[in-house]
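Read the structure below first, then the notes.
Positions are given from 1, in the same order as the sequence printed here. In listed order, ligands and their atoms are each counted from 1. Fair warning: this is a prediction, and the values are worked out from it, not measured in the lab.
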Amino acid sequence: MPDLTGKIAIVTGGNTGIGYETVKALYEKGANVTLTARDEKKAKDAIEKIKSETKATGNLEIGILNLANFAQIKTFANEFKDKHNQLDILINNAGVMIPPASKTDDGFELQFGVNFLGHFA
Ligand SMILES: NC(=O)c1ccc[n+]([C@@H]2O[C@H](COP(=O)([O-])OP(=O)(O)OC[C@H]3O[C@@H](n4cnc5c(N)ncnc54)[C@H](OP(=O)(O)O)[C@@H]3O)[C@@H](O)[C@H]2O)c1
């Protein structure tokens, strides 16, 4: 990756797994990264761990985002727009795979609702 100083990024589901590694990689390249998670403590723990593992100079922010709830998605988007006037990199990483039959808060099948509709919203 090239130097990302000055770039603004969002990684959904950045608290764990592939999302966590993606946040770390972007941060190491100097990006300002918003790590989204459903749970604030998980997000804070992930940010603390990334900072302890790297000597990067970028910036890390927390976004609380539950992709199974349209109202919450809107709140997150508005909060992000209040803080930033650009978005250069959007990594739609969060997702579930073949979960037990269940629905989003808005009544859509969970995997379609979270992985596709939530990120579209
Ligand atoms: N790993 C693979 O082999 C593989 C293969 C194909 C596709 N994928 C896809 O690649 C992505 C990352 O994979 P991974 O293995 O790193 O997954 P993971 O470890 O299970 O992490 C998934 C992330 O998505 C978040 N998430 C789940 N439901 C959410 C919701 N309703 N709203 C917001 N965030 C939600 C989780 O949050 P919590 O921590 O709060 O649960 C977690 O941060 C996923 O979309 C997965 O489906 C992975």
Side-chain angles (χ1 to χ4, degrees):
M1 270 195 289
D3 177 50
L4 297 175
T5 303
K7 299 292 184 191
I8 307 289
I10 293 176
V11 180
T12 67
N15 56 289
T16 188
I18 297 167
Y20 174 88
E21 296 298 334
T22 305
V23 171
K24 194 170 150 186
L26 296 171
Y27 173 64
E28 281 175 335
K29 287 292 177 180
N32 176 328
V33 188
T34 294
L35 177 160
T36 85
R38 294 188 276 191
D39 181 277
E40 190 170 6
K41 182 171 184 322
K42 283 188 187 177
K44 283 184 175 163
D45 289 350
I47 283 181
E48 209 170 288
K49 190 158 181 274
I50 289 170
K51 285 186 171 168
S52 74
E53 290 174 351
T54 72
K55 291 190 177 75
T57 53
N59 191 36
L60 289 173
E61 296 176 22
I62 292 174
I64 303 304
L65 177 62
N66 177 3
L67 287 157
N69 183 305
F70 286 141
Q72 222 277 297
I73 294 166
K74 193 167 189 171
T75 299
F76 164 73
N78 286 335
E79 284 173 1
F80 183 86
K81 285 193 288 184
D82 284 344
K83 281 193 265 179
H84 301 283
N85 55 17
Q86 72 186 70
L87 174 61
D88 303 292
I89 302 166
L90 173 60
I91 309 282
N92 292 329
N93 161 79
V96 290
M97 193 147 54
I98 323 177
S102 47
K103 293 186 173 174
T104 67
D105 295 345
D106 305 294
F108 295 95
E109 185 281 320
L110 190 70
Q111 183 165 331
F112 180 58
V114 169
N115 300 17
F116 184 84
L117 296 178
H119 279 125
F120 179 81

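Checking side-chain atoms of E61 against main-chain N and O of G63 turns up no donor-acceptor pair under 3.5 Å. Within the 3.5 Å criterion, the main-chain N or O of I8 finds no donor-acceptor partner in the side chain of N32. The main-chain N or O of A94 is found under 3.5 Å from a side-chain atom of T12 such that the two form a donor-acceptor pair. For T36 (side chain) and G13 (main-chain N/O), a donor-acceptor pair under 3.5 Å exists by modelled atom type. Without hydrogens or angle criteria, S102 side chain to P100 main chain gives a donor-acceptor distance under 3.5 Å.
Between K41 and D45 there is a salt bridge, since at least one side-chain N of the basic residue sits less than 4.0 Å from a carboxylate O of the acidic one.
Taking a distance limit of 4.0 Å, we find that atom 46 (C) of ligand 1 is approached by no protein heavy atom. Counting protein heavy atoms under 4.0 angstrom from atom 21 (O) of ligand 1 gives one or more. Counting protein heavy atoms under 4.0 angstrom from atom 42 (C) of ligand 1 gives one or more. Distances from atom 16 (O) of ligand 1 to the protein include at least one heavy-atom value under 4.0 Å.
Remark: minimum distance from atom 27 (C) of ligand 1 to any protein heavy atom is reached at R38 NH2, 3.6 Å. Looking from atom 25 (C) of ligand 1 to the surrounding protein, the closest heavy atom is A94 CB, 3.8 Å. Distance from atom 9 (C) of ligand 1 to its nearest protein heavy atom, with residue and atom name: N93 O, 4.9 Å. Shortest contact from atom 24 (O) of ligand 1 to any protein heavy atom: G95 N, 3.2 Å.
Checked against a 3.5 angstrom limit, the closest N/O atoms of G14 and ligand 1 fall outside it. Taking only nitrogen or oxygen atoms, main chain and side chain alike, L67 reaches within less than 3.5 Å of ligand 1. For ligand 1, the polar-atom distance check finds no N/O of N115 at less than 3.5 Å from any of the ligand's N/O atoms.
Atoms of ligand 1 lying under 4.0 Å from any heavy atom of V96, numbered from 1 in the order shown and given with element: 27 (C), 28 (N). Interface atoms of ligand 1 facing G13, defined by a heavy-atom separation under 4.0 Å, are 43 (O). For ligand 1, the atoms sitting less than 4.0 Å from at least one non-hydrogen atom of A68 are 31 (N), numbered in the order shown with element in parentheses. Close approach of ligand 1 to L65 (heavy-atom distance below 4.0 Å) involves ligand atoms 32 (N), 33 (C).
L26 and M1 get closest at one heavy-atom pair: CD2-SD, 3.8 Å. Taking all atoms of both residues into account, the shortest heavy-atom contact from A43 to A37 is CB-CB, 3.9 Å.
A heavy-atom distance below 4.5 Å is not found between the side chains of T104 and F70. When side chains are defined from C-beta on, T22 does not count as touching N93, because their heavy atoms never get closer than 4.5 Å.
Scanning K42, M97, Q111 for the heavy atom closest to atom 8 (N) of ligand 1 points to M97. In the candidate list T16, I18, N69, N15, I18 is nearest to atom 13 (O) of ligand 1, counting heavy atoms.
The aromatic rings of F76 and F80 sit tilted, their planes meeting at an angle between 30° and 60°.
Distances shorter than 4.0 angstrom occur between a heavy atom of N66 and an atom of ligand 1.
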